[in-house]
Amino acid sequence: MSIYDTLNEQQKKGVFTTNGPVLILAGAGSGKTRVLTHRIAYLIEHAGVSPWNILAITFTNKAAGEMRSRVDNLVGFGSESIWVATFHSTCVRILRRYIDRLGYDTNFTIYDTDDSKNVMKEVCKKLEIDTKSLKERTILSAISSAKDELISPAEYERPAYGDYMKQRIAKAYVEYQTLLKKNNALDFDDIIVKTVELFKNNPDVLESYQDRFKYIMVDEYQDTNTAQFELIRLLAAKNRNLCVVGDDDQSIYKFRGANIRNILDFETVYPEASVIKLEQNYRSTQNILDAANAVIKNNKGRKDKALWTDAGAGNMVHFRNFEHAREEADYIAGDIRKKKRELISDYKDCAVLYRTNAQSRLLEESFIGLNIPYNVVGGVNFYARREIKDILAYLKTIDNGRDDLAVRRIINVPKRGIGAASINRVQEYADRNGISFYEALGQTDSIPSLAGGKAAKKLKDFVLMIRSFRTKLEFGTLEELITDVIETTSYVKELEAADEEDANDRIENIDELITKVVSFEQEKEETGEKATLSGFLEEVALVADIDGVSGDDNKVLLMTLHSAKGLEFSHVYLSGLEDGVFPSYMTINSDDPSGLEEERRLAYVGITRAKEDLTITYAKQRMIRGETQYNPVSRFVREIPEELLDNKPTSGYSMSGAGNWGAAAEYLDSYKLNKNEKSSGMTASKPKAVARKKETPSGNKPYISRSLDSLTKGMPASLEAPEYGKGDRVRHIKFGIGTVLNIEKDTRDYKITVDFDEYGNKIMYAAFAKLKKV
DNA sequence: CGTACTAGTCTTTTT
DNA sequence: GACTAGTACG
């Protein structure tokens, strides 16, 4: 009995068709990862292919990691030489070797969206673009779309002739790229674009990779954009052993440039391609599949597919109506608790999906209320937090002094008395001499307006500090470096002293960052690689929200429908099924029906996540961005045959029950195209909002979209009286021994003033100072 | 130079 | 409702 015996006929065909282009159309839950991993095993063990010659590309690190471990289990020997990676990390690895051919340094930095926005701000200032009428984000997304389509600044400029707006964007595009290059930085899109550029301009480099990657596999092919398509096309051009796996019905990243034509036209580009359809679903019950099929069949221009299953009909799809989104959240939390109590399911078998991240808030409140453990995937990215970005900016500065953005971010963080005036003088000097900001910092003596002054001394100190960090980096570990940065800059100390409400959270985040550095080093040590600073920064830049999720914790998962793609759960809750929320307001009002089709595919993805039990919920009334909206039941629910549902949706658009004019008026308002016309009467006034914020004790504040494991950690600050009193000698983990000068009861905690023997007076909160009486 | 407050914006989805 | 950038002030 071989490992291939458990595959069905179609899956076998996918595994055994090893040569030439192969398109595998894999419906939801049809075992595509199994096919991919078995195919890799087959290539190595039966087709005589060296693991070294295999490339498998995915979209997320999580998917890559899963594929890697599943292949490890199948293949006895040599699986570590298979290149399994995401598009972005693959390209970064190639660029780290060859990007000097494009005039960048190989230790380039990767900019996230935040960084890009800061660059664009500079661009706009320089080009005197009025950011009121043309927003940075608008320009950036235009540039991003251009890059997705491999349109260079020069190419963008040509057809822009005559269109003033486009001309401005074209100018900004040129300037933006110049600035990025000056900073030796790439944005997300550049990572792909520059690799394609590298291959096109350097046939020798391309050929070396073509010879290496004789067999290429691409997962989630329906989500590739034109740049990614081109990258793959180039790599596969010589050997043409390209196997792509995807499902056009699950293409949900058009907004990110995904081109559904890549999968629909595969056979046109590769006429000799074998096409294999996987239609047997191993995940869901028939009722769930029927619901999914009923929804998706309303889309036009899709490849014909008919999913079927051996599993029985199963439960009916549950549908629940609610007056208010709060009731919806309470119901979901309560239902999960009930299932847990009745041993129908455990927490980790349940997932709650929603269209927008903001919807997680109410759900979190309900989960906290019922003491149900949960994780929120996504929301505010861990690496986007201020304190994390600050520390990373130090590391970036140490790694790549040409990254002006990073240097300027931290030059006065924590405060060291370097103000805007000094910074501007340095910048002017740098611009005039065509050098980087950091380089200019080392030449303060040549800057007349600064030389000899107080500021010059501070700037010099900064440069000296960075230099000493660099020495540290040469001789020590990354862990030593990061702790040294935090110590030397007194970053954590300043946070503690700043007496901010969320200082505790921030310090925890920094600790978590240190943990990540440590585990990065351990990981590298295990694989025998060198743990470089660039390597760490790169890994950090390329993580996706979903990457950190593991099924190990027994917690309910809350996430957007987008994040849920590729996952499966026994019990799935699809919340907020309202026209205006899902499908979103934007797509309903658009003339272009393709947006609505994409939303429908998203609904299809959501429904097919469920293995045995699917609950769909609707709330008539919901607060969105501070405004109450009244929405009808989602059209997607109405596309599901009523006999599959255990409750009938309230009929269409009727407003039964909402018998008041204000509500009706607002309902209409929410359908107006121009948001600015909305009545102001219903909107909460600003002062009120501020006042409320102050009343709310921080301890009761729901923990919103925080990094995954910090969610469960001690939320309210302890209000127990400290074990020490005035005059006692105490020990602090960082500041050592000191004398307590004062203890003051604050609204939420005890404020302790300590005179440390070595560090002097510090004011800190008892809850996180963790002082010990000595 | 640093702060405290205000006004405006926002998100639909993310590598 | 939450966040942020910008500004007026000390």
Side-chain angles (χ1 to χ4, degrees), chain A residues 57-64 85-92 110 112-114 117-118 121 131-132 135-137 141 144 147-148 187-192 220 223-225 227-228 251-258 353-359 361-362 377-381 384 386 412 414-423 454-455 458 498 541-547 559-565 576 580-588 590 595-596 598-599 601-602 605-606 622-628 675-676 683-690 692-693 696 701-702 704-705:
Chain A
I57 293 197
T58 63
F59 272 87
T60 65
N61 297 299
K62 183 175 156 68
T86 65
F87 270 103
H88 286 85
S89 61
T90 297
C91 289
V92 168
I110 299 164
D112 64 19
T113 28
D114 214 55
K117 199 177 166 201
N118 284 325
K121 256 187 205 158
T131 51
K132 287 236 160 54
K135 301 210 170 22
E136 290 100 340
R137 220 168 16 81
S141 74
S144 178
K147 287 181 178 176
D148 287 343
D187 67 14
F188 279 132
D189 302 312
D190 281 341
I191 292 172
I192 313 288
E220 306 281 13
D223 286 328
T224 51
N225 62 33
Q228 287 159 338
S251 166
I252 55 172
Y253 283 107
K254 185 166 162 249
F255 70 94
R256 210 168 64 193
L353 311 181
Y354 36 79
R355 179 67 237 275
T356 66
N357 278 308
Q359 286 168 255
R361 216 189 109 239
L362 281 178
V377 179
V380 184
N381 189 313
R386 198 209 319 155
N412 196 32
K415 306 237 156 31
R416 42 177 82 88
I418 300 172
S422 316
I423 293 172
K454 251 202 237 155
K458 291 171 184 162
L542 297 178
V543 290
D545 291 327
I546 197 71
D547 293 340
M559 69 187 106
T560 61
L561 288 146
H562 282 88
S563 298
K565 195 176 64 155
V581 176
F582 184 33
S584 79
Y585 171 82
M586 312 257 271
T587 52
I588 294 177
S590 161
L596 193 65
E598 176 139 318
E599 297 269 311
R601 290 193 289 271
L602 200 51
V605 167
R622 180 184 300 277
M623 178 95 94
I624 293 169
R625 267 188 276 138
E627 281 174 286
T628 305
K675 282 184 166 186
N676 299 331
T683 322
S685 60
K686 292 296 169 195
K688 206 166 128 199
V690 171
R692 262 203 63 183
K693 195 174 182 178
T696 316
K701 202 174 64 178
I704 296 158
S705 305

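Within every chain, numbering begins at 1; the chains are lettered A, B, ... in the order of the sequence lines, protein sequences first and strands thereafter.
- Annotation: side chain of A/F59 is not in contact with side chain of A/T86 (no heavy-atom distance under 4.5 Å).
- Take A/R355 and apply the side-chain hydrogen bond (donor to acceptor under 3.5 Å, both in side chains) test, not counting sequence neighbours, and it matches A/E599.
- Here the nucleotide nearest the side chain of A/K415, chosen from B/dT14, B/dG2, B/dT12, is B/dG2.
- When the P atom of B/dT14 is taken as reference, atom CZ of A/F87 falls 19 Å away, rounded to whole Å.
- Set against B/dT14, C/dG1, B/dT15, the side chain of A/Y253 has B/dT14 as its closest nucleotide.
- Rounded to whole Å, the P atom of C/dT4 lies 15 Å from the corresponding atom of B/dT13.
- One interatomic measurement links the two molecules: OH of A/Y585 to P of B/dT11, which rounds to 15 Å at whole-angstrom precision.
- Residue A/S584 places none of its side-chain N or O atoms closer than 4.0 Å to OP1 or OP2 of B/dT13.
- Contact annotation: A/S422 side-chain N/O to B/dC1 OP1/OP2 distance is under 4.0 Å.
- Taking the six-membered ring where the residue is Trp, A/F188 and A/H88 present perpendicular rings, their angle passing 60° and hence far from 30°.
- Put simply, A/F255 does not rest on the base of B/dT14: the two rings are not both less than 5.5 Å apart at their centres and under 30° in tilt.
- Rounded to whole Å, atom P of B/dT12 lies 16 Å from atom CG of A/L596.
- Of the side-chain N and O atoms in A/N357, one or more sit less than 4.0 angstrom from OP1 or OP2 of B/dT14.
- Distance, A/N225 CG to B/dT14 C1': 12 Å, rounded to whole Å.
- Annotation: of the two residues near DNA chain B, A/I252 and A/K135, the 5′-most nearest-nucleotide partner is A/K135.
- A/F59 comes within 4.0 angstrom of the backbone, heavy atoms only, and of no base.
- Residue A/E599 is in base contact, counting any heavy-atom pair closer than 4.0 Å across all strands shown.
- Proximity of the aromatic rings of A/H562 and A/F255 is defined here by a centroid distance below 6.0 angstrom, and this criterion is met.
- The interatomic distance linking A/Y354 (OH) with B/dT12 (P) rounds to 16 Å, in whole Å.
- Nearest-nucleotide positions on DNA chain B place A/K132 closer to the 5' end than the other of A/K132 and A/T356.
- Rounded to whole Å, the distance from CZ on A/R416 to P on B/dC1 is 14 Å.
- Taking both residues in full, the closest heavy atoms of A/D223 and A/I252 are given as OD1-N, 3.4 Å, listed atom of the first, atom of the second, then distance.
- A/D187 has its side chain within reach of A/K147: a pair of non-hydrogen atoms, C-beta onward, lies under 4.5 Å apart.
- Distance, A/E136 CD to B/dG8 C1': 13 Å, rounded to whole Å.
- Residue A/A421 is classed as a sugar-phosphate contact, given heavy-atom separations below 4.0 Å to backbone atoms only.
- Two residues are said to be in side-chain contact when any heavy atoms from C-beta on lie closer than 4.5 Å; A/E136 and A/K117 meet this criterion.
- Contact annotation: A/N412 reaches the phosphate of B/dG2 (side-chain N/O to OP1 or OP2, under 4.0 Å).
- Whole-Å rounding puts the A/I191 CD1 to B/dT14 C1' distance at 13 Å.
- Within the 4.0 Å cut-off from OP1 or OP2 of B/dT14, at least one side-chain nitrogen or oxygen of A/T560 is found.
- The phosphate of B/dT12 has OP1 or OP2 within less than 4.0 Å of a side-chain N or O from A/R625.
- Within 4.0 Å of A/K121, counting heavy atoms only, lie sugar-phosphate atoms of the nucleic acid but no base atom.
- Look at A/R137 and you won't find any side-chain N or O under 4.0 angstrom from OP1 or OP2 of B/dT9.
- Here B/dT13 is the nucleotide among B/dC1, B/dT13, C/dG1 with the atom lying nearest to any side-chain atom of A/H562.
- Here A/T587 lies out of heavy-atom contact (under 4.0 Å) with every strand.
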